[in-house]
Asker: 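Mind looking over this structure? Questions follow.
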There are 2 protein chains.
Amino acid sequence: MAEGLGRRERKKQQTRRTLIETAARLFNERGYDATGVADVAEAADVTKRTFFLHFPTKEDVLLSDGPARVELALRVIDERAPQAPPREVLAEAIHAMIADTASRELPNGMAALRARLMVDSPAVQARVLRAVFTAQARIAEALRAAYPETLDRATAASVVGAAVGAVCAAAMASLQDGDAPEATSEAMRQAAAIALHAFDALGEESR
Amino acid sequence: MAEGLGRRERKKQQTRRTLIETAARLFNERGYDATGVADVAEAADVTKRTFFLHFPTKEDVLLSDGPARVELALRVIDERAPQAPPREVLAEAIHAMIADTASRELPNGMAALRARLMVDSPAVQARVLRAVFTAQARIAEALRAAYPETLDRATAASVVGAAVGAVCAAAMASLQDGDAPEATSEAMRQAAAIALHAFDALGEESR
DNA sequence: AATAAAAGTATACCTGGTGTAGTAAGTTAC
DNA sequence: GTAACTTACTACACCAGGTATACTTTTATT
């Protein structure tokens, strides 16, 4: 996406990629807490200050694909609503995010690393949860905005919260059981299916 | 609870209470980021080191009642399961937590302060979400353990994740709308009712 | 009264993160 | 082609959250 953006932009993206890869490698080798930002910068041959010009915190280097995934979900909602009913639109948005995670962050091992670091680093766990929470809020708002007559804020927040909460909890449980990637994404899909029954609680016209 | 525990323990609890009250007051007056741990310690007439002997991080001083609330939910599950069906047991546990929040942390303003700080301090938001996530995991495990034949880990994680996710999302939405405390707790109860329909997705014997 | 345990003190230190000013490379205009 | 403008990056000083260590003082035990 957007390739020919001049040498300056290309070098910037290169620095960014190098920082991400270097950080992932060092976190893997030495552990998260034992790897300082200074170490990552040193190994990537830039200064510590440059790291923070690319990522607001140490944890954010693990979340590079997050924003794109949220945009994906918002695009699905924008394209499918309000022709399709809320339940189907939300289902498709959630499934798009699950598929995106499986295709972009399983090959390079980023999802697995993040899941592992989440278990034994409070800071990583906190950052990931905050990203999920923010994404959830944006999706809920987009869904409400797509059906302004039939969905209020609290209801939209509830059904999206239920879906996202269920999917995340199932993913964590699966990963802690040591499941293979395919088993984990299947568990996420099943959790979504279960949570989407929250729509059964709503009136006919809100589903 | 447990009053006569000797002068030493009483003084320790007194120091702890003073730190909590002082921190809450200063956060209110000057804002969270503008108040350093050193300031809180100074105002409470102890050293910075003493603060960290009572609370592992600056954020934790806002979460003092959290653990007790989780224990409450676990006790409800322990007492009511497996006689009552999973759906009812989870509903009662959630309602107990909502009621406890409303009764213990609305009078002293702690809930309101925490909600406010959560909005404009990433660190507070992160810590609160992490606490919720941990609580959710413990409740899911307790529920699964109470019905070992009929609930697997992923399913338990899904329904609890749905319920907790919905309640939290609804609470945040309500608080950001500036609702009064009673309106917020009502929104939480409604969200729980909606999310508990996730049980409809399960087989007859798992509900 | 003597001893042990534990809360709190004093102080130095580490690391994540920011402010500021400057350099050098890349881009744009003449 | 060169001058002028941007901007990614550097260098360095600094702050706040959090930890390690060694010490003092109060409470509990016998």
Side-chain angles (χ1 to χ4, degrees), chain A residues 2-20 22-23 26-27 30-64 117 120-128 130-131, chain B residues 2-20 22-23 26-27 30-64 117 120-128 130-131:
Chain A
E3 290 290 335
L5 276 177
R7 174 174 289 139
R8 178 184 278 168
E9 187 64 20
R10 265 179 285 138
K11 287 203 171 183
K12 185 181 175 183
Q13 292 307 319
Q14 179 56 43
T15 302
R16 182 185 169 84
R17 261 195 308 274
T18 304
L19 281 170
I20 293 173
T22 305
L26 292 185
F27 291 164
R30 310 182 195 171
Y32 183 79
D33 288 329
T35 307
V37 174
D39 299 329
V40 175
E42 173 86 11
D45 201 31
V46 295
T47 59
K48 190 181 75 164
R49 199 71 185 79
T50 296
F51 180 96
F52 286 110
L53 289 175
H54 282 273
F55 307 100
T57 74
K58 180 185 176 185
E59 293 82 39
D60 279 78
V61 76
L62 294 167
L63 296 174
S64 48
L117 296 183
D120 48 41
S121 165
V124 174
Q125 190 179 84
R127 184 62 190 89
V128 172
R130 208 161 66 79
Chain B
E3 291 289 338
L5 276 176
R7 174 174 290 138
R8 177 184 279 170
E9 187 63 18
R10 265 179 285 137
K11 287 203 172 181
K12 185 181 175 184
Q13 292 306 320
Q14 178 57 43
T15 303
R16 182 186 169 84
R17 261 195 307 273
T18 304
L19 281 169
I20 293 173
T22 305
L26 292 185
F27 291 163
R30 310 182 196 171
Y32 184 79
D33 288 331
T35 308
V37 174
D39 299 329
V40 176
E42 174 86 11
D45 200 32
V46 294
T47 59
K48 191 180 73 164
R49 195 71 184 79
T50 296
F51 179 96
F52 287 110
L53 289 175
H54 282 273
F55 307 100
T57 75
K58 181 185 177 186
E59 291 82 38
D60 279 77
V61 77
L62 293 166
L63 297 173
S64 49
L117 297 183
D120 48 41
S121 165
V124 174
Q125 190 179 82
R127 184 63 190 91
V128 171
R130 207 161 67 79

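Below, chain A is the first sequence line, B the second, and so on; all start at residue 1. Atoms considered below: every heavy atom in the structure, side chains included; atoms not considered: hydrogens, waters and symmetry mates.
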Asker: Would you mind reading off the distance between B/Phe51 atom CZ and D/dA16 atom P, rounded to a whole angstrom?
Answerer: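 It works out to 15 Å between those atoms.
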
Asker: Please name all residues satisfying side-chain contact (heavy atoms from CB on, under 4.5 Å) with B/Arg16, sequence neighbours left out, ordered by chain then number.
Answerer: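 Counting only residues at least two positions away or on another chain, B/Arg16 forms a side-chain contact (heavy atoms from CB on, under 4.5 Å) with B/Gln13, B/Ile20, B/His54, B/Phe55, B/Ser64.
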
Asker: Any residue in residues 34-42 of chain B with a heavy atom nearer than 4.0 angstrom to DNA chain D? Just list them by number, or reply none.
Answerer: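 Result for residues 34-42 of chain B: B/Thr35, B/Gly36, B/Val37, sorted by number.
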
Asker: Without decimals, in angstroms, what is the distance between A/Phe55 CZ and D/dA8 P?
Answerer: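 In whole Å, D/dA8 P and A/Phe55 CZ are 14 Å from each other.
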
Asker: Mind checking what makes ring-ring contact (aromatic ring centres under 6.0 Å, His included) contact with B/Phe52, not counting sequence neighbours?
Answerer: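 Applying ring-ring contact (aromatic ring centres under 6.0 Å, His included) to B/Phe52 gives none.
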
Asker: Is it true that A/Thr18 and A/Gln14 share a donor-acceptor pair across their side chains at a distance under 3.5 Å?
Answerer: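 Note: A/Gln14 and A/Thr18 side chains meet the donor-acceptor criterion.
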
Asker: Does B/Arg30 have any side-chain hydrogen bond (donor to acceptor under 3.5 Å, both in side chains) partners at least two apart in sequence or in another chain, and if so, which?
Answerer: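 Expected list: none.
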
Asker: Please state how far atom CG in A/Leu62 lies from atom P in C/dG16, giving the value in whole angstrom units.
Answerer: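 Spelled out: CG on A/Leu62 to P on C/dG16 is 13 Å.
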
Asker: Could you write nucleotides 5-13 of chain C as a row of B, S and -, 5' to 3', where a protein heavy atom under 4.0 Å of any base atom gives B, of only sugar-phosphate atoms gives S, and otherwise -?
Answerer: BSSBBB---

Asker: For the pair made of CZ in B/Phe52 and P in D/dG17, what is the distance, rounded to whole Å?
Answerer: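 So the CZ-P distance, B/Phe52 to D/dG17, works out to 7 Å.
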
Asker: Please report, rounded to the nearest Å, how far the P atom of D/dA16 is from the CD atom of B/Glu59.
Answerer: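 Checked: the CD to P distance equals 15 Å.
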
Asker: Do A/Leu62 and A/Tyr32 have side chains that approach each other closer than 4.5 Å (heavy atoms only, starting at C-beta)?
Answerer: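 Of all side-chain heavy-atom pairs linking A/Tyr32 with A/Leu62, at least one is under 4.5 Å.
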
Asker: Can you tell me if A/Thr47 and A/Thr50 form a side-chain donor-acceptor pair at under 3.5 Å?
Answerer: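 Yes, a side-chain donor-acceptor pair sits under 3.5 Å.
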
Asker: Could you check how far NZ of B/Lys58 sits from P of D/dA16, rounded to whole Å?
Answerer: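 Rounding to the nearest Å, NZ of B/Lys58 and P of D/dA16 are 10 Å apart.
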
Asker: Let me check something: any side-chain donor-acceptor pairs from residues 33-44 of chain B under 3.5 Å, sequence neighbours excluded? List them with distances.
Answerer:
residue: B/Thr35; atom: OG1; partner: B/Leu26; partner atom: O; Å: 3.4
residue: B/Thr35; atom: OG1; partner: B/Gly31; partner atom: O; Å: 2.7
residue: B/Asp39; atom: OD2; partner: B/Gly36; partner atom: N; Å: 2.9

Asker: Starting at CZ of B/Arg7 and ending at C1' of D/dA28, how long is that distance when rounded to a whole Å?
Answerer: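 Interatomic distance, CZ of B/Arg7 to C1' of D/dA28: 11 Å.
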
Asker: Sort and list the pairs that fulfil salt bridge (Lys or Arg N to Asp or Glu O under 4.0 Å) and have at least one residue in residues 48-63 of chain A, not counting sequence neighbours.
Answerer: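 Residue pairs with at least one partner in residues 48-63 of chain A: A/Asp60-A/Arg127.
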
